[in-house]
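Worksheet: one structure, shown below.
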Amino acid sequence: MIEIWNLLPPVIQIILKIFAIVLPLLGLVAYYTYAERKVIGYMQVRIGPNRVGWRGLLQPIADAVKLMMKEIIIPTKADKTLFLLAPMIAIGPALAAWAVFPFDEGLVLADINAGLLYLLAMTSLGVYGIIIAGWASNSKYALLGAMRSAAQMVAYEIAMGFALVGVLVAAGSLNLGVIVTAQQGNILTWFWLPLLPLFGIYLISGVAETNRAPFDVAEGESEIVAGFHVEYSGMAFAVFFLAEYANMILIAALTALLFMGGWLSPLPAAWTGGFWLLGDGFHWLLLKTFFFMFVFLWLRATFPRYRYDQIMRLGWKVFIPITIVWILVVALAVLAELPPWWSA
Amino acid sequence: MGFEKFLFYVLAAITLVAAGMVITRRNPVHAVLYLVLAFISSAGLWVLLEAEFLGIVLILVYVGAVMVLFLFVVMMLDVDIATLRAEFIRYLPLGVLIAVVLALEIFLIVGPANFGLEHFPKPAPLAPEASNTEALGLLLYTLYVYPFEIAAVILLVAIVAAIRLTLRRRSDCKYLSPEQQVKVKKGPDRIRLVKMPVERAIPATSRETSE
């Protein structure tokens, strides 16, 4: 098996690896939408989808078929090229970001030194899909949604970037694999504890960056109909949907990776007794990612939408100052070699 | 032609075409988007030069933040092409003059006289574990710390000046104060809880009149 794999040219190997990442991801996106409807349903004392398949398990597939069959309507005065390009620009970075994501020790498509920077750059590109969609639709609600989204993304990206600077100071590397191994130990040596404010800010900024409730003013259906994607239908709309959910999964997985020790087991190595399920492994990363994915749904079911000026205030006047102060604290702690995280 | 050379020519061609499109497109939004494309392909060129930090930061800062704000402004513009054309003709001589001077300057600085393999030997390829970020950070915070800090202060001055120039308080507008809004407590500020009996006893004599 490995011999056949080694015989393949590197380009084919990389393409196969890309498929091995993207296909499960898209499947996860499909069932994330199902989970969202079920979880929010139960939180609101409803049942959620339960007609298609056993307990509604085939609902995402039915939805996908429905969206594929629908007509893609292009408004007459829309900028046609950009209108159709926007969903692709939205999903491209959402998928490309996974290239540097390590799933286990050494299990990564591109093990680059500047992995963290690359991720930040990719998540910052996602806003283009939204802005271009809003402008190309030639519709006032869409443009309003795009404007809101642009201002919000720029504001929260700074807080998010500073939170990541804290991680990079703590780990001393931009390589995601090294960041995880720097948290080696047990649940108390993970970065969530020394970087607690940054952890919270990263998670909240992640919710804001993905335009999810309670920060979903870019679509705000009660204010601006559906915001930037009001003119989209059929697969063009579905691609935006895919991009949003892929981004949510990415943020959840990154939170698990950067602050919660990634694939590391919460138990110290001495306690596991050699039992593989308790030791480090991909299953821990999956478990942590699922937890943060659940948090996204939990937030949406719990909180009302933020008012726009309060979003801006929270981003600029609360989060950014806190992150700057905490970077300083972390830098001092690293210099002082504070145990157990930075003892030499 | 190696794969790297091929990539270089592809990225360079995209950069040049996109840069040309930036100045020839009528629609300012299209022009800005072509500028974004030019930035992305030049970031690719930097990555080819093993300067991955600069390449990614170009995307992160310029594409991810600066151009988003550019688009933000440009999308709100209502461009009148007729007056633009008239002004284009009017300012053409000045524009050509400036362009020629700029081109001459660029030629003098990076022209064949002091650029090329005979002036600078080809740098040795970096070791795969060499970290661009670390090297750049070390240089910036040791050798070039004063220019770096001075540049930062100049930027800060620019920010303060820009805010001071545009900040104005209109007296005919009502403002919300989020600070005060956040401080509102449910008990004394927002709701007044009144305790009152559920039923009121009606005297027996007035019952007929009231019903």
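Sequence lines set the chain letters: A, B, ... in the order given, protein chains first and strands last, and positions in each chain run from 1. What you see is a predicted model; the values in this text were computed from it and never measured.
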d(B:N27 CG, A:W135 CH2) to nearest 0.5 Å is 4.0 Å
When the 4.5 angstrom heavy-atom criterion is applied to B:L58 and chain A, the contacting part is neither
**Flag if over 12 foreign heavy atoms under 6.0 Å of CZ, A:F240** = yes
Under 4.5 Å to a heavy atom of chain B? For A:A136 that would be neither
Can you tell me if B:F70 has over 12 outside heavy atoms packed within less than 6.0 Å of its CZ? no
Closest non-hydrogen contact found for A:L143 with B:M75 is CD1-SD, 4.2 Å
The reported gap from CG in A:L119 to CD1 in B:I56 (rounded to nearest 0.5 angstrom) is 9.5 Å
Check your understanding: Hey, is CZ on B:F39 packed in by over 12 heavy atoms from elsewhere, all under 6.0 Å?
Key -> yes
- Message: Using a 3.5 Å distance criterion without hydrogens, assess whether the side chain of A:Y128 forms a donor-acceptor pair with backbone atoms of B:V63.
- Response: yes
Cut-off 4.5 Å, heavy atoms of chain A, and the answer for B:V61 is neither
Is there side-chain contact between B:V68 and A:M153, with at least one heavy-atom pair below 4.5 Å?
no
Bottom line for A:L82: the part with an atom under 4.5 Å from chain B's heavy atoms is side chain
Looking only at B:E52, B:E134, B:M67, most heavy-atom pairs under 4.5 Å shared with chain A are made by B:M67
Rounding to 0.5 Å, atoms CD1 (A:I131) and CZ (B:F72) come to a distance of 8.5 Å
So, the part of A:N175 with a heavy atom under 4.5 Å from chain B: the answer is neither
Heavy atoms of B:L60 and A:S124 approach each other most closely as CD1-OG, 4.0 Å
**Item:** Other residues, nucleotides, ligands: >12 heavy atoms within 6.0 Å of A:F83 CZ
**Value:** yes
Honestly, the part of A:L125 sitting under 4.5 Å from a heavy atom of chain B is side chain
